[in-house]
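All values derive from a computational prediction rather than experimental measurement. To find a chain, count down the sequence lines: A is the first, B the second, and so on, and within it residues start at 1. Reckoned from all heavy atoms, side chains included, excluding hydrogens, waters and symmetry mates.
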Amino acid sequence: MQSIKNHISLIVALLSILFSIQIFIIVDRSIASYKQNLTNNYSMVIVSQKSIDNNTTLGFSPLISSVSELTPDSIIKRLNTNMNNKNIELLKLSLPKFYKIQLNSYPSPDEIKALTKSILRYPTITKVEDFAHNHDIIYKLLLLFKGVVAIFAITIFVVTSLLIFKELRIWQFKHSERMSIMGLFGAPGWLRSAVLFRLALVDALISSFMVFALFTYLSFNPWVLQQFGNVGINITIFNQIDDFILLFGTAVFLSILLAMLIVVGHKEEA
Amino acid sequence: MDKVVIAEDLSLSYSSDEAIINQVNFSIDSGSFVFITGASGSGKSTLLKSLYGALKPKYGSLVVGGVELRKVSRSKLNFLRRHIGIVFQDYKLVKEWTIEKNIMLPLIINGYGKDVTQKQVDSLLKHVRLTHQAGKHPLELSGGEQQRVAMARALSHNPILILADEPTGNLDDYSSQLIWNLLEGANTQLKTTVIVVTHHIPVSMNVEYKHFHIEYGRIHAVN
């Protein structure tokens, strides 16, 4: 019972920290996936009086990833007119060339403006449709998400610091008496703090495996996967190697830091 | 005869103001049994603390077991403490450890093997009549029993010097007698030097002893 009590307080603190970190990683991955979806769905349309070859268009900006010509049929279909075939054929002959360009990443409003300006410098291009209004709303929404994640990260940092500080006080109280007694019988520094470091490592290991088990379960849970699928986000909820190494490393770092602070702050009994 | 403690012009104080022990000179022979008496607040416990290096001399010199304590390094002090057994008035047992592990502490610190350690602990538990309590924790024991555990711990590694601060201060007659018997035994059988700080010297002492008395910061040899 005493042994469980010795472990439980740090394990609970570490669990909260590791859980928050993994949630932060999941939210960050979701935003990255959402941004990729936006990039895939966003395109600009160029109107040119004459044909432009793909290499020329790609040369307008390194942001451009691909170019495809829109066929006159697809343009007329969009117009949804009730013209007869003859008129349609005439219209096809008089239509300018339309190109759809896709980008490497989701651009900021400034990047769109710069890109439009750069494309319009080409003599035969008369218009660039950048769908700026829709883009701006979505971009602001993305910025809002990012802001929320940043606040979340700061909150994690503050909560982590408070939890570690609280643990430090508890551990200082709990371990300083034993360390002093051991010191009175001539125990060298490493032996006095050995129990503390062993406890810290064991607690780091236990809490990491508990978080590992929880997120492994969640990453295969059909209900959780369905929720992500519903919003079109396809991410790795928990990478059992990379994420575990990160969480275990964090747990070890924090617990060892805590143990070291106690060892450094320990005062010998006079 | 070898001296285990040599104090020359020794002054001790907790702050920069007043010296609790003021320029005292004394020495203690190896293998002797010594009582240090004095009124409350006279500096008995302060002097004892200085003997295991918990309080450094302010002035003068204090040599214990060949180690000068005024400018001692941490590693040298640890080395000295590994050869001293200390009995504290408030026992200073590790609460989260069992009685058995508490007694083992000096043996673990001195690097004894598992078999030797267990044998020694079993023998000491028998001596202090606590074999049946070995697996318990200190707070489950009475004050007298806790002091017997502290006594067993102080004896476990066969130290060259035992320092005891009011070892029978709050104990019943049975526990007090047991403690005195153990201290006498260590002194006569193992030739361990024993220094006891106390208010009263027991009437029925079976060993020859030296008596120092502290008054107004000075130490006087009574016998």
Side-chain angles (χ1 to χ4, degrees), chain A residues 1-14 166-207 255 258-270, chain B residues 12-15 45-46 48-56 65 67 72-88 90-98 101-111 135-140 150 153-157 159 161 163 165:
Chain A
M1 196 64 195
Q2 186 65 35
S3 170
I4 295 169
K5 270 187 193 170
N6 284 342
H7 287 278
I8 205 89
S9 57
L10 183 63
I11 288 175
V12 168
L14 285 174
K166 181 177 155 274
E167 270 314 298
L168 180 70
R169 299 286 297 271
I170 294 169
W171 273 39
Q172 249 168 356
F173 176 74
K174 212 157 63 177
H175 297 285
S176 67
E177 190 187 26
R178 188 196 60 244
M179 287 167 75
S180 289
I181 293 170
M182 291 178 83
L184 290 169
F185 286 89
W190 67 265
L191 188 61
R192 266 179 283 166
S193 44
V195 179
L196 202 62
F197 282 104
R198 198 179 57 202
L199 205 66
L201 279 174
V202 169
D203 289 1
L205 204 65
I206 291 172
S207 49
S255 49
L258 184 67
M260 281 176 73
L261 285 172
I262 291 164
V263 171
V264 170
H266 174 70
K267 280 180 186 152
E268 282 299 315
E269 199 171 320
Chain B
L12 300 169
S13 77
Y14 286 106
S15 62
S45 296
T46 304
L48 203 76
K49 273 182 183 176
S50 73
L51 295 178
Y52 58 83
L55 183 67
K56 284 194 176 177
V67 177
V72 68
S73 65
R74 184 73 230 193
S75 59
K76 242 184 178 172
L77 183 62
N78 283 340
F79 176 79
L80 173 68
R81 284 178 177 180
R82 288 201 279 272
H83 295 90
I84 297 178
I86 316 170
V87 183
F88 302 92
D90 57 352
Y91 326 128
K92 291 208 191 299
L93 299 173
V94 181
K95 289 182 195 80
E96 61 266 29
W97 288 356
T98 61
K101 196 170 177 191
N102 267 286
I103 298 173
M104 273 179 197
L105 177 63
L107 295 161
I108 296 168
I109 292 169
N110 280 283
K136 287 190 175 172
H137 289 85
L139 295 180
E140 296 174 87
R153 180 181 61 183
L155 293 168
S156 65
H157 53 307
L161 173 66
L163 303 172
D165 189 2

#### Entry: Heavy-atom closest contact (Arg82(B) atom, Gly186(A) atom, distance)
NH1-O, 2.7 Å

### Query
So what's closer than 4.5 Å to chain A heavy atoms on Leu93(B): side chain, backbone, both or neither?
backbone

### Task
Side chain from CB out, backbone as N, CA, C, O: work out which of these in Phe79(B) comes under 4.5 Å of a heavy atom of chain A, or both, or neither.
neither

### Message
I'd like to check the side-chain contact (heavy atoms from CB on, under 4.5 Å) partners of Ala187(A); sequence neighbours left out, ordered by chain and number.
### Response
Met182(A), Leu191(A), Arg192(A), Ile109(B)

#### Entry: Portion of Ile86(B) that has a non-hydrogen atom of chain A nearer than 4.5 angstrom
both

### Query
Tell me, do Ile181(A) and Arg153(B) make a side-chain contact under 4.5 Å, heavy atoms counted?
yes

### Query
At their closest point, which heavy atom of Arg178(A) faces which heavy atom of Trp97(B), and how far apart are they?
CD-CZ2, 3.4 Å

### Query
Of all heavy-atom pairs between Ile84(B) and Phe185(A), which one has the smallest distance, and what is that distance?
O-CD2, 4.4 Å

